Number of protein chains: 2
Amino acid sequence: MALIVMKFGGSSVADAQKITRVAGIITDSWSEGNDVVVVLSAQGDTTDELLEKAAEITPDASKRELDMLLSTGEQISIALMAMALEKMGIPVISLLGWQIGLQTNSVYGKARIKSIKTERIQNELDKRRVVIVAGFQGINKYDDITTLGRGGSDTTAVAIAAKLNADLCKIYTDVEGVYTADPRIVPDAHKLNVITYDEMLELASLGAQVLNNRSVEMAKRYNVNLEVLSSYVRKPGTIVKEAANMEETKISGIAKDSNIARVALVGLKDEPGTAFKVFRQMAKYNIDIDIILQSIGRDNTKDISFTVAKPDVLRTKTALEELHSLLKFESYSIDDSVCKVSIVGAGMINSPGIAATMFEALYDARINIHMISTSEIKVSVLIDQKHGERAMKAIHEKFFS
Amino acid sequence: MALIVMKFGGSSVADAQKITRVAGIITDSWSEGNDVVVVLSAQGDTTDELLEKAAEITPDASKRELDMLLSTGEQISIALMAMALEKMGIPVISLLGWQIGLQTNSVYGKARIKSIKTERIQNELDKRRVVIVAGFQGINKYDDITTLGRGGSDTTAVAIAAKLNADLCKIYTDVEGVYTADPRIVPDAHKLNVITYDEMLELASLGAQVLNNRSVEMAKRYNVNLEVLSSYVRKPGTIVKEAANMEETKISGIAKDSNIARVALVGLKDEPGTAFKVFRQMAKYNIDIDIILQSIGRDNTKDISFTVAKPDVLRTKTALEELHSLLKFESYSIDDSVCKVSIVGAGMINSPGIAATMFEALYDARINIHMISTSEIKVSVLIDQKHGERAMKAIHEKFFS
């Protein structure tokens with residue numbers, strides 16, 4: 001008997017049939033004697049349909065009224081799920097963000113959770129009811145509805161699990177867990193039984209879209225055990241938790257991110273403050289920078305390369321044009337035919353051989369490396385996009401075969 | 001400059017175009033300097049669509065979860081209307097039942113309003129914002145969402161108008177006001193400029209579906225001036241208010257109700273308690289009784305006739321079968337080919353000539369009267385349904401030509 005928080009996404013509750021199937025999963029856990037809190041997203045296309053209704057009226061709706069509109073999506077989901085459980089004879093109650101006192105800051109559209117009152121949820125659990133909570137929503141200090149933005153339902157689930165000291169927070173998705181690499185690219189990829197929060201964070205930010213970073217960060221902060229598993233196949237998924245033994249070096253996965261472009265500034269003056277001025281300019285245009293590489297150029301100049309997300313390429317151009325007139329440099333180029341391939345594993349920094357093994361795999365495959373970046377638990381390389389999938393397979397084979 | 005509460009029904013906000021048109025009506029009133037509170041129903045078919053979603057899951061959803069589901073309909077309406085007003089540059093805010101502290105009892109599906117906190121609405125009005133309120137919904141003492149049942153949005157509007165001491169509560173509908181008779185049946189029917197609460201109540205209960213009785217009763221109790229008017233044609237409607245001069249006899253309207261059946265019990269024992277036993281049985285089956293007529297039968301027996309609503313006919317049969325074995329009587333019959341035609345007017349009881357004039361009109365038209373019922377402000381007759389429309393025309397001509 002344990003306290004379990006379960007979260008199901010929009011595709012898992014898209015229609016009556018899917019809701020009934022999910023209700024079966026919930027019922028099984030409850031029938032084993034567990035206390036169960038369920039967090040749901042809006043059904044399938046509901047959010048898009050609501051956005052369309054708004055767009056028919058105005059392209060510039062305030063975020064406050066958009067949140068008022070969009071929060072109905074989760075409300076519909078939880079009411080329908082409660083009905084499905086009622087039909088199965090399970091005691092159940094659905095609750096909205098304001099009903100569980102989920103307080104957020106006042107940033108409509110991407111609010112952050114400040115606190116949750118657990119009294120209501122706890123009272124309902126004490127009556128042995130399954131509690132169905134609307135994800136993605138809360139209220140601010142004005143008693144106005146806010147939404148949590150992308151991955152908001154995951155975050156709701158983790159926050160509730162943290163606050164209730166749940167034994168496990170199960171995030172149901174359309175994949176069976178976290179894989180060593182994307183199985184669509186690397187057929188040999190296998191599912192991991194366990195992964196650390198930090199590894200999960202690196203994988204998520206590297207383009208393995210299984211769990212939203214915000215929710216993993218929160219799980220790490222409050223030490224919430226997560227499980228990522230499939231809502232379609234009933235078998236164990238991947239547990240995300242604190243590292244049991246950080247000494248042991250282990251590669252957990254390989255990820256590829258193609259949503260990236262490389263920017264190169266050539267012939268900058270080699271004097272103090274140059275890098276500062278470049279990245280202050282990027283910050284002014286709100287452009288997130290990933291890998292940075294600085295090298296000595298010809299004739300007492302230096303070159304700076306960095307990567308940006310593809311959607312920021314146009315703004316980067318504007319920023320660099322402006323920079324060019326302020327800060328003399330020879331030229332700049334933006335190349336979006338690149339991708340980033342990374343290996344992730346706890347304790348990697350203490351095992352230099354791991355990076356070497358990765359580079360060896362790429363060398364064997366005759367794939368050129370443009371940039372390299374490392375952190376405590378990952379090694380990333382920038383290569384031509386056309387070699388991306390081949391690189392993943394080569395690295396995977398080297399480490400996992 | 002006044003405080004105006006406006007209520008628009010589901011068909012007035014059915015799509016983006018209609019919402020924008022209604023936003024124009026609101027804007028005009030606000031621009032004249034009025035403080036404006038708007039109460040909305042769910043868009044067009046939204047409620048039916050939501051009920052269908054529930055029906056796909058279970059035919060027996062709890063009323064608590066149905067209210068959780070259905071209350072999203074009004075939430076969508078108010079968010080969209082707020083967006084339409086934002087687009088016109090009008091300061092606006094949408095508010096849900098719980099946000100205005102609309103407390104109800106705990107009868108899910110047909111809750112009754114207990115109180116409204118006006119602080120939030122008043123604060124927003126003080127900022128010169130148009131306040132858009134979700135009709136039909138409130139919360140009970142458990143902080144759970146309740147819906148007010150049929151005509152709930154009208155009731156919400158009147159309750160807010162009462163609480164805020166509004167100068168006028170305008171109920172926008174798809175008719176131009178209250179008519180002396182249904183214009184589809186009686187082409188000569190004309191719109192009334194003023195009608196009393198009591199006359200309106202009688203007309204509503206007699207099948208003139210303009211305003212819900214609950215809202216008129218509440219308006220009468222709190223002396224809220226109502227106006228029933230069209231959301232399509234911009235002209236004055238019918239004002240509903242306290243009678244200025246109850247001495248003056250005036251027929252305000254003629255109504256027909258075909259949703260009725262006549263029940264006749266023949267050959268009951270003529271002894272004390274017979275009527276009590278009959279109607280206790282009806283009450284046990286939750287059957288509402290309208291007109292009752294008792295007459296002397298043959299051989300020391302009596303006959304009792306009464307009318308019930310057509311949807312109750314099946315239950316009435318069951319009730320009577322059971323009654324037959326308890327309380328010996330000769331036979332019973334149920335005739336649903338009847339209708340009730342009524343004239344309504346304040347002070348009618350003091351003008352016996354009015355009933356006579358009505359009966360004369362029916363006699364002239366050779367229409368037989370089965371039952372008669374009178375109250376302070378109305379006279380109703382039960383006649384064959386096939387004569388209903390002809391009866392209305394004949395009576396209307398007699399009184400209004």
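Hydrogens, waters and symmetry mates are skipped; everything else that's a heavy atom, side chains included, is used. The sequence lines fix the lettering, A, B, ..., with proteins before strands; numbering per chain opens at 1. Bear in mind the structure is a predicted one, so any value in this text is a computation, not a measurement.
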Does the side chain of E119(B) pick up a donor-acceptor pair with the side chain of N123(B) at under 3.5 Å? no
Evaluate S41(B) against S153(B) for side-chain hydrogen bond (donor to acceptor under 3.5 Å, both in side chains), listing each step before the verdict. CA-CA 6 Å; S41(B) 302; S153(B) 292; 3.0 Å; yes
Honestly, the part of E56(B) sitting under 4.5 Å from a heavy atom of chain A is both
I need the residue from I57(B), T58(B), T20(B), I93(B) with the largest number of non-hydrogen atom pairs under 4.5 Å to chain A. I57(B)
Would you call K87(A) and D60(B) a salt bridge, using N to O less than 4.0 angstrom? no
Pick one of side chain, backbone, both or neither for E86(B), based on which atoms fall under 4.5 Å of a heavy atom in chain A. side chain
Select one option (side chain, backbone, both, neither) describing which atoms of I19(B) are under 4.5 Å from chain A's heavy atoms. side chain
So which of S62(A), S94(A), S71(A), A16(A) has the largest heavy-atom pair count under 4.5 angstrom toward chain B? S94(A)
Measuring heavy-atom distances to chain A, does D144(B) have an atom under 4.5 Å in its side chain, in its backbone, in both, or in neither? both
S231(B) and S12(B): side-chain donor and acceptor closer than 3.5 Å? yes
Between T146(A) and T104(A), do the side chains contain a donor N or O and an acceptor N or O under 3.5 Å apart? yes
Ion pair R120(A)/E124(A), N-O distance below 4.0 Å: yes
Can you say whether Q43(B) sits under 4.5 Å from chain A via the side chain, the backbone, both, or neither, judging by heavy atoms? side chain
Given heavy-atom pairs under 4.5 angstrom as the criterion, report whether the side chain, backbone, both or neither of L50(B) touches chain A. side chain
Between D154(B) and K7(B), is the closest basic N to carboxylate O distance under 4.0 Å? yes
Of the listed I76(B), I145(B), V92(B), L70(B), the one with the largest count of heavy-atom pairs under 4.5 Å with chain A is I76(B)
